[in-house]
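Only a predicted model underlies this, so the values are computations on that prediction, with no experimental measurement involved. Within every chain, numbering begins at 1; the chains are lettered A, B, ... in the order of the sequence lines, protein sequences first and strands thereafter.
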Number of protein chains: 2
Amino acid sequence: MKLEELFTGEFVYMDGGLGTMLQSRGVDLGKVPEVLNITAPEVIKSIHKEYIDAGSDMICTCSFGVNKYKIEGCGYSVKELIEAAVRNAREAVEGTYTKVALDIGPTGRLMEPNGDLTFDEVYDMFKEQIIAGRDADLIMIETMSDLYEIRAALLAAKENSDLPVICSMTFEDNLRTFTGTCIPSMALTLEGLGADAIGMNCSMGPKEFKPLIEELSKWTTLPIIAKANAGLPDPATGEYLVGPDEFAASAAALIPLGVKFIGGCCGTTPAHIKAIRKVFKKKRYQKNEPVIPTAVCTPEQVVIIDEPRVIGERINPTGKKKLKAAISEGNLEYVLDLAINEVNEGAEILDVNAGVPGVDEKKVIVNIVKTLQGTVTAPLQIDSNNPEVLEAALRAYCGKAIVNSANGEKGSMKAVLPIVKKYGACVIGLTMDEEGIPETVEKRIEIARKIVKSATALGIRKEDIIIDCLTLTVSAEQENAQNTLEAIRMVKNMGLKTVLGVSNISFGLPQRPVINQNFLQMALTCGLDLAIINPGAPGMMQAIEVYKLIMNIDKGAKNFIDKYKDAPDLTAVAAPTKSAVGTVAAPDVKKDL
Amino acid sequence: MKLEELFTGEFVYMDGGLGTMLQSRGVDLGKVPEVLNITAPEVIKSIHKEYIDAGSDMICTCSFGVNKYKIEGCGYSVKELIEAAVRNAREAVEGTYTKVALDIGPTGRLMEPNGDLTFDEVYDMFKEQIIAGRDADLIMIETMSDLYEIRAALLAAKENSDLPVICSMTFEDNLRTFTGTCIPSMALTLEGLGADAIGMNCSMGPKEFKPLIEELSKWTTLPIIAKANAGLPDPATGEYLVGPDEFAASAAALIPLGVKFIGGCCGTTPAHIKAIRKVFKKKRYQKNEPVIPTAVCTPEQVVIIDEPRVIGERINPTGKKKLKAAISEGNLEYVLDLAINEVNEGAEILDVNAGVPGVDEKKVIVNIVKTLQGTVTAPLQIDSNNPEVLEAALRAYCGKAIVNSANGEKGSMKAVLPIVKKYGACVIGLTMDEEGIPETVEKRIEIARKIVKSATALGIRKEDIIIDCLTLTVSAEQENAQNTLEAIRMVKNMGLKTVLGVSNISFGLPQRPVINQNFLQMALTCGLDLAIINPGAPGMMQAIEVYKLIMNIDKGAKNFIDKYKDAPDLTAVAAPTKSAVGTVAAPDVKKDL
Ligand SMILES: [Zn+2]
Ligand SMILES: [Zn+2]
Ligand SMILES: [Zn+2]
C-alpha cells in the first residue's frame, strides 16, 4: 500500500515520546528497553493506546535500538524483539484506523571512514530488522545523523520490503547533522533514493525546527516530517519544558513549510499530540513545490549546476602510466593526492574512472569512492561503461553523484538508466548511438531527445539529465568539430544541462593548452554547464573565471580580484613573434599525471 | 542625363583606335597629337565619322593626352584643345544617335608616394579637363594603371560635372595594373565612388581579357567595359595582328561575363567595330549580379569580412604618451613603425586615429594615411568623431576604407553617412545615441536598425554597415557587460557585420590580457566579425587562430600548424597555484606603445 493510501487525512498525526512514558510508569528500562516488548507487552501496548486515544494516526513500534550491536547479550534476537514490537503495536491499533510504523534508529556506532562498520555490514543489519518487521504498515527510519547510514537503511528497506519508508534525521542548530550532513544533501540523497517522506526529529523543539525545515522546504517536494522534542532540555534538570499548547502553536508555524507528518520526540506526551490535533484540524497541508535545481552532493557539500562548474578529469587512467600502476597496485593514496590537487586547482566535481585492464574495476572503483569520500567533499562523477561497475560505485557513494554515462544505444539506456533512477543520480547522456557519433547537429539532438524520453519514462527528472554533445578531434574531423558547439546551443534551448570533455579537441596538434582553453571558452559561450577538464592546465580555470566575471556570476568581480589582485602576470611569457617561431624547437612534452 | 538614358540599346558600341587611324592617314602626329583638333579638325572628324558609320554608339574625343603636363609648350591651353576636341566630335555625330565621350587618359607621371604629383595637383588637373569638356555627353576615364590617379579623375568628374562617368584601367597578365592595383580593389573603389561603368582597355587582346573580366565580374554589378587591343603586338614589327572577325568572336566570349560597353583600343579599326556589331546584335547583355561581400581594400590588397578579421588598435594616441608626442612632432616614422609591427603581429586592417589636442587633426590624419599607404598594404579604418577629419582622410585614402564611426544620434548620422556614401566606404555604426549607451540589448538593436535605415536610404549597402555593440567596462557595469555579447548575436541574425573594441572590458581589473583574450573568444563565438585589438597582446591572435581552427576556416589547420609546429609552448608560464598567488606582488605594468 502506498503512503498516500495509508493516510488519507490532511495531516498525519504521529505519536510522541516513548522513553518518557515508560519512565513515568516507573518501569526499569534496563540496558535494552525493547526487551519490554516481551517481558512487559501490556506496558508497551498501554502507551501505544494512550497515543491512539490522543489521536495518533501512526504509532512507532518500540524498536528504536533493536539492532544486532545494541541488543547483544540481552537474551533475545533481533527477530524476536522486532516481531514482538510489531505485534504489540498491531494489537494496540486493533479496531482503529491507526497505522503501525516499524521504528528503526541508528546503530549507535560509527561507519567507515570514521568508524569500523562497513556499508555492507550496516546494510545487512538493517535488512534483518526490516525483514523481521514485515508486518508493519510502513517503516520509519529516524534520529539518524550519518547520511551514509540512513542511505544503508533506506536501501535495505527498498530492497527487502514493499512498505512505504519515511526518513528522519536529527540536526544541530548549524543546520547540519552531528557528522556534517547538510539539509540539501539529505533531501537530494533521500528523495533520490525513493523515500516517501523526509524530515527531522529530536534535538530541539518545534520552534527551533523552523529555520531547518525552511531550508528543507526548498529542496524537496516530499511531505515533510517534524517530530521535535518538547523544547530544549532544562540544563539543570534535563527536563523538557515545552507544554502541549505551546508545542502545538510552534508546530503549526511549520505548516506553511510543507510539514505533513507531525508528532513529538523526547519529552512529548499524548497531551502534546492532542494539542497538535486541536490546532492542526483547522489547517490544510501545504505541499511544497520548489523547483529543485540540477545539483549533486556529498553529505557536506552541494554543487548546484546553475553556472559553469568544473569536473576534474584526471582520475582516469587512460593514457596515464603512473595512475594505471597506482590503480593496479591499489595505491589509493596516489589517487587521493590527485583528487586533492584537482580540488585545490578548482575542480568542483571529480570524475572517477578505474578502468585498467586486468584489475577488478568494480572492486577498485568502490575503494576509490570510499577513499575519496573519506577526505574530499567534492561530489563525484562515476565514469564507466560497465553498468555493474556503475551500480557498485553508486551503492558505495554517499550523496547524489553523476553517472558518466549512458548513450543513445538501446542497450546502454536499458542497462544504465534504471540504475540511475534507483540511486537517484544525475546521468550524462552521450549524443551517440549504434551508428557512432552523428555528423550532423540535428542527429545529435535527436539522440538527446531519445535519451530524455527513455530517462523521464523511468521517472528520472529532466533536470537530472545532462547531455554530452561530444568533442571531436579537430585535426581529424575539422568539418564537424564546430557541430559540437551548435549542438550545445540547441540542447540548452531544450532546457537541458550540458557537459563536455574539452581536451579531446586538440589531439594531434601543437599548443594543445591554447586550443583547449579557447575551445572551452567557445563552449561556455554556447552554454556549457559542466566542463570536464584538467583544472591545473594553463588557462582553463581562467577561462571559467573570466566567463563568470563577464556574465555577472562572479558578482563585483570579487572572486577574480581576490585571486589575482596580487598575482604575477599570467601572460608574462608572451606569444613568440613570427621571427621567434621556427627558431626555437621545443619537443611536444607529454605529461603523465 | 543618366548613362542608361544615353544608351538604350542592348550593348554600347564604342569606337576603336584613334592613333592607328591617324598614322594610316599619313598625318604628322607631333609631340602633342591632340593639337590636330585645332590644326586639322577635318582629319579628326573624318576618323570619328568612320567609326560612326561603322556603328559606334559612342566616340571618344581626341583628348587622351590633353593635360597640363603633357601639352606643355604645344602653344595651346588645355581648355582650347579639349573644347576643340569636343567640338569636332559633336560635329561628327551631328544628325546621328552617337554620343560623345570626353576622353581622359593618365597624366603620364607618377603620383605620391611613388612620384612627386600630389593628389590635389592631379585632381586640379583633371578638374580643368572636365570643365573644358562640359559639352560632351559623358566622360570616359581610360588606360589608367594607378588607382589613386583614377580616383582623382573620378572624384574630379563627380564634383565638377553631372555627366555620367565610365572608368577603364589597363591590366597586365598577372591580373594587376602596372602599379599593382588588383581587380577587386579597382571594382570596390570605383563602384564605391560612383562610376557608372567600369572595365578595362589596351594592353592585350579580347582573348587575353577573358580571365581579367571574369575576375571583375565577381566584384561589380556595374556594366563592364571591354576595349581591347587588336591582340598583342608582333614582337618584330610592333603591329597588331588580330583581324575584325577574330576580334569580334573573342569579344563575344566576354558577354556572359557582363560586358556591355564594347569597343577597341590600339590596332583596332572601324572594320573591327563593324565586325563586333555583326556578332553582338544577335546577343543580349547579361548583367552581373554577384553578391559582393563586405570588403575593404587598398590598391594591392582586399580584406573580405567573411571570417573574423583583426583591426590593429594601436594607432590611437589616447592614453599613449609616446604616440602623442610623435604625432605632435610630425614623427610619421614612429607611426609607420607601429603600423608595420601591427601587421607583422597579425593585424589585417589598421585603425588610424590622430586626435591629439593642439594638433591639426585633419592635416595629421591625411599625412598618416599617405605615409601608411606608401608602405603598408593593409586597409585602414579612419577613426575620428569629426566629420571634416573623416572626409579629409577618405579623400586621401586610396581604396575602400572603414569609417569609425557614426552613431544613432541624428547629428552624427546626418554628418557622417553622406561622406561614407560619397567615398564608398564601409561605416561602423555605434549602438548609442543621444541618451548614451543603452542598458538593454533591445535598445541597442533598435539603434542598429535606425542606423541601417538611415544609411540604406542614402544608398549605402547593408553589407557596408558594420555594427559596434560597444564593450562596457565589466568592473563598472558588470550587470550589462554581457548585453554586448547578446547584442552581437542579434545583430548577426539581422544579417549585419559586427565590430568590437575588445580591451575596454578589462579596464581597472588585474590580469587584463587574460580577460581580454577570453572576452574576445566569447565575442567571436557570438559572431564577432571585426576585432579591434592589439594583435601583439598575449593570446589575442591565438584566440582568433583557434576560432578559425575550430570553425573550419583554417582548413586542414594549415595556418595553425605552420605557425606553431616548431614554436615553444605558449603557456610555459603556467597559472600560479593558489599558494603562489598572493606571495608574489607584481606591479600593474602599463605599457606605452
Ligand atoms: Zn528525541
Ligand atoms: Zn591601347
Ligand atoms: Zn583609346
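- For chain A, no part of B:Leu472 is nearby; none of its heavy atoms comes within less than 4.5 Å.
- For A:Lys497 against A:Asp306, the heavy-atom pair with the smallest separation is NZ-CA, 4.5 Å.
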Dump the intermediate steps for side chain to side chain donor-acceptor pair (under 3.5 Å) on B:Asn518 and A:Gln521, then the final yes or no. CA-CA 7 Å; B:Asn518 278 289; A:Gln521 191 58 271; 2.9 Å; yes

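- The most heavy-atom pairs under 4.5 Å with chain B, out of A:Glu545, A:Lys555, A:Met540, come from A:Lys555.
- When each of B:Leu549, B:Thr484, B:Val514 is scored by its heavy-atom pairs under 4.5 Å with chain A, the top score falls to B:Leu549.
- B:Met490 meets the side-chain contact (heavy atoms from CB on, under 4.5 Å) test with B:Val441, B:Ile445, B:Glu486; sequence neighbours excluded.
- The choice from A:Ala523, A:Gly556, A:Ala481 that makes the most heavy-atom pairs within less than 4.5 Å of chain B is A:Gly556.
- Side chains of B:Asn534 and B:Glu313: no donor on one and acceptor on the other come within 3.5 Å.
- Under a cut-off of 6.0 angstrom, the local environment of CD in A:Glu442 is crowded, with over 12 non-hydrogen atoms contributed by other residues, nucleotides or ligands.
- A side-chain N or O of A:Ser506 and one of A:Arg512 form a donor-acceptor pair less than 3.5 Å apart.
- For B:Asp554, the side-chain contact (heavy atoms from CB on, under 4.5 Å) criterion is met by B:Lys548, B:Lys558, B:Asn559, B:Phe560, not counting sequence neighbours.
- Contacts between A:Leu520 and chain B at a heavy-atom distance below 4.5 Å are absent for every atom of the residue.
- Options A:Asn480, A:Asn483, A:Ile515 differ in how many heavy-atom pairs under 4.5 Å they form with chain B, and the most are formed by A:Ile515.
- Each of B:Leu485, B:Val546, B:Val474 has some count of heavy-atom pairs under 4.5 Å with chain A, and the biggest count is that of B:Val546.
- No part of B:Leu524 comes within reach of chain A, as not one of its non-hydrogen atoms sits under 4.5 angstrom from that chain.
- When the candidates B:Gln482, B:Met551, B:Met522, B:Arg489 are compared by the number of heavy-atom contacts under 4.5 Å with chain A, B:Met522 comes out ahead.
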